[in-house]
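Sequence positions, counted from 1, serve as the residue numbers for this chain. Note that these values count all heavy atoms, side chains included, but never hydrogens, waters or copies made by symmetry.
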Amino acid sequence: MRDRKPDSRRRLLQAGGAVAASAVLGIGSAAAAETDPAETPTGRRSKSLDTEYFKGMYATESDPWRFASSPYERDKYAATLAALPRARYASGLEVGCSIGVFTHALCPRCDALVGLDVVPSVLDAARARCADCPNARFELAAVPGAWPEGRFDLIVISEVAYYLDRADLARLVARVRGAVLPEADIVLVHWLGVTHYPLSGDEAAEGFIADAQDFARVLKQSRTAEYRLDVLRVTRADPKPAP
């Protein structure tokens, strides 16, 4: 069902991942999954992926995307840390922290850091991995419907925004708008290959940037053959958090 090479996460993101997830969840045969009415004629999901999708991915493996062992993830994490404009932040937010591999690496750069994910067992693994980071805490939250309290001067959205459809991406941007401190940094990282997700990596990043242009500007951008990394700087913070 799964390629065991280090880059298996990239392969799993492609259309076969939907079939695998359906089999794990027991919601139909592989043939039925391939013709899921929730998919568009191009094979893309038409709606945001729900919590059950991610529960299915973790149902049989604790690290299905190889966050802890993939060279792709290791190099991407190093590039993300290197791209942060500031040496340290007062309050960071990581949307989609999974088992906490990048969270652990980010902790030394933040006075306080909140990690969000949608699977309880995944958050348990993140808490265990970051047990030596008293500045880190974790919350169960499916964005953009749920969002943590507080304001942040760093928000990291890495390989998450393309799970959302266009309407939910706009809602995510609205959440971020209401949660950033003045001159906060927003970091977007997304894989550029073909997926069955509602948005491609470029669509997710460009859509976020376009929707955020009234309160944030692009500070730096970089691109490899596999992923793009965009850093935005907040130019105008809302006086009150979004409801």
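One N or O on the side chain of Asn135 and one on the backbone of Cys107 form a donor-acceptor pair closer than 3.5 Å. Remark: the backbone N or O of Arg86 is paired with a side-chain donor or acceptor of Arg109 at under 3.5 angstrom. Within the 3.5 Å criterion, the main-chain N or O of Val118 finds no donor-acceptor partner in the side chain of Thr51. A donor-acceptor pair is defined here as one N or O able to donate and one able to accept, closer than 3.5 Å; such a pair exists between the side chain of Asp63 and the backbone of Ala68. The backbone N or O of Leu113 sits nowhere less than 3.5 Å from a side-chain atom of Arg137 that would complete a donor-acceptor pair. Looking at Arg151, its side chain never comes within 3.5 Å of a backbone N or O of Ser91 through a donor-acceptor pair.
Salt-bridge formation is not detected for the pair Lys76/Glu226: no Lys NZ or Arg NE/NH1/NH2 atom is positioned less than 4.0 Å from an Asp or Glu carboxylate oxygen. Look at Lys55 and Asp50 and you find no salt bridge, because none of the NZ, NE, NH1 or NH2 atoms lies under 4.0 Å from a carboxylate O. Electrostatic pairing of Arg44 and Glu203 counts as a salt bridge here, judged by a charged N lying under 4.0 Å from a carboxylate O.
Using the six-membered ring where Trp is involved, Tyr53 and His196 have ring planes that are tilted, between 30° and 60° apart. Below 30°, between 30° and 60°, or above 60°: for Phe54 and Trp65 the angle between ring planes is between 30° and 60°, a tilted geometry.
Here the side chains of His190 and Tyr227 are not in contact, with every heavy-atom distance at 4.5 Å or above. The side-chain heavy atoms of Leu229 and Val231, taken from C-beta on, include a pair separated by under 4.5 Å. Side-chain contact between Ser158 and Val187 is absent, with no heavy atoms from C-beta onward closer than 4.5 Å. At a threshold of 4.5 Å between non-hydrogen side-chain atoms, the residues Leu116 and Pro148 count as touching. In this structure the side chain of Tyr77 reaches within 4.5 angstrom of the side chain of Val101, judged on heavy atoms. Here the side chains of Val176 and Phe152 are not in contact, with every heavy-atom distance at 4.5 Å or above. At a threshold of 4.5 Å between non-hydrogen side-chain atoms, the residues Thr195 and Tyr163 do not count as touching. Contact of the Asp202 side chain with the Leu192 side chain is registered, since non-hydrogen atoms from C-beta on lie closer than 4.5 Å.
Contact record, Asp132 with Arg129: OD1-O, 3.8 Å, taken as the closest heavy-atom pair. Looking at every heavy atom in both residues, Pro144 comes nearest to Asp168 through CG-O, 3.6 Å. Closest of all the heavy-atom pairs between Pro198 and Tyr162 is CD-O, 3.3 Å. Contact detail for Asp165 and Ser48: the closest heavy-atom pair is N-OG, 2.8 Å. Residues Trp147 and Val95 come closest through the heavy atom pair CH2-CG2, 4.1 Å. A pairwise comparison of heavy atoms in Ala216 and Ile186 identifies CB-CD1, 4.3 Å as the closest pair.
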side-chain contact (heavy atoms from CB on, under 4.5 Å) for Leu106 and Leu81? Distances and angles first, verdict last. CA-CA 7 Å; Leu106 186 58; Leu81 291 172; 4.0 Å; yes
Pair Ile157, Leu172 - check side-chain contact (heavy atoms from CB on, under 4.5 Å), show working. CA-CA 10 Å; Ile157 302 173; Leu172 174 63; 4.2 Å; yes
Kindly determine whether Glu61 and Arg66 satisfy side-chain contact (heavy atoms from CB on, under 4.5 Å), including the steps that lead there. CA-CA 10 Å; Glu61 294 191 53; Arg66 305 294 187 265; 3.0 Å; yes
Before you tell me yes or no, could you show the steps for Glu183 and Arg233 under side-chain contact (heavy atoms from CB on, under 4.5 Å), namely the whole-Å CA-CA distance, both residues' side-chain angles and the distance that decides it to 0.1 Å? CA-CA 6 Å; Glu183 299 188 343; Arg233 171 67 52 83; 4.1 Å; yes
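Note that the CG atom of Leu164 and the CZ atom of Arg45 stand 13.5 Å from one another [nearest 0.5 Å]. The structure places CD of Glu206 at 10.0 Å from CG of Leu188, a figure rounded to the nearest 0.5 Å. A distance of 5.0 Å separates SG of Cys97 from CG of Leu123, quoted to the nearest 0.5 Å. Taken from CZ in Phe215 to CZ in Arg236, the straight-line distance is 8.5 Å, to the nearest 0.5 Å. The distance from the SG atom of Cys133 to the NE2 atom of His104 is 4.0 Å, given to the nearest 0.5 Å.
Hydrophobic clustering of Ile, Leu, Val, Met, Phe, Trp and Tyr side chains at less than 4.5 Å, counting indirect connections, unites Leu93 with Leu219. Note: the hydrophobic cluster containing Leu84 does not contain Leu181 (ILVMFWY, side chain heavy atoms under 4.5 Å, direct or indirect links). Note: the hydrophobic cluster containing Leu140 does not contain Val119 (ILVMFWY, side chain heavy atoms under 4.5 Å, direct or indirect links).
When Arg177, Arg166, Arg175 are each tested for a salt bridge (charged side-chain N to carboxylate O under 4.0 Å, His left out) with Asp211, only one passes: Arg166.
For the residue pair Tyr58 and Ser98, a side-chain donor N or O sits within less than 3.5 Å of a side-chain acceptor on the partner.
In terms of the side-chain hydrogen bond (donor to acceptor under 3.5 Å, both in side chains) criterion, residue partners of Tyr89 (sequence neighbours excluded) are, by chain and number, Asp185.
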